[in-house]
Amino acid sequence: MKDLNAALCLVLVVEGLFLFAVPALWKRMAELLQGLSERDLRVAGAVMIVLGLLALQLVRRVL
């Protein structure tokens with residue numbers, strides 16, 4: 001039962017992030033990216049891909 005409660009808490013935290021934090025982050029990121037040149041956008045895209053891959057590896061290790 002303790003594991004079930006922990007899993008439920010984790011799901012609620014993740015859902016809360018997606019419902020409240022992620023839309024605000026997307027809006028802020030869009031505001032920051034609007035003023036960048038095409039070259040800077042490509043660099044920012046590459047950085048986001050690398051950070052995403054690193055985050056996925058971290059999640060896989062934790063799970």
Side-chain angles (χ1 to χ4, degrees):
M1 190 67 162
K2 185 177 179 182
D3 292 336
L4 180 61
N5 288 337
L8 181 60
C9 288
L10 179 63
V11 168
L12 291 175
V13 167
V14 170
E15 286 295 322
L17 287 175
F18 281 106
L19 290 175
F20 298 106
V22 171
L25 291 173
W26 278 112
K27 182 179 177 185
R28 177 71 177 136
M29 187 170 54
E31 291 170 354
L32 290 172
L33 294 177
Q34 283 180 345
L36 296 179
S37 68
E38 184 177 338
R39 179 181 174 270
D40 292 339
L41 283 174
R42 288 182 183 177
V43 171
V47 168
M48 285 185 231
I49 289 171
V50 169
L51 290 175
L53 291 173
L54 291 173
L56 284 174
Q57 286 181 354
L58 178 65
V59 169
R60 286 172 56 193
R61 285 183 191 153
V62 169
L63 295 177

Taking only residues two or more places apart in sequence or in another chain, which ones pass side chain to side chain contact (heavy atoms under 4.5 Å, CB included) with [X]?
X: Q34; value: none
X: R60; value: none
X: E38; value: R42
X: I49; value: L53

* Asked: Can you tell me how far the CG atom of L56 sits from the CG atom of L51, to the nearest 0.5 Å?
  ->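 Taking CG in L56 and CG in L51, the distance rounds to 11.0 Å.
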* If you group Ile, Leu, Val, Met, Phe, Trp and Tyr by side-chain heavy-atom gaps below 4.5 Å, do M48 and L41 land in one group? ->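 Yes, M48 and L41 fall within the same hydrophobic cluster.
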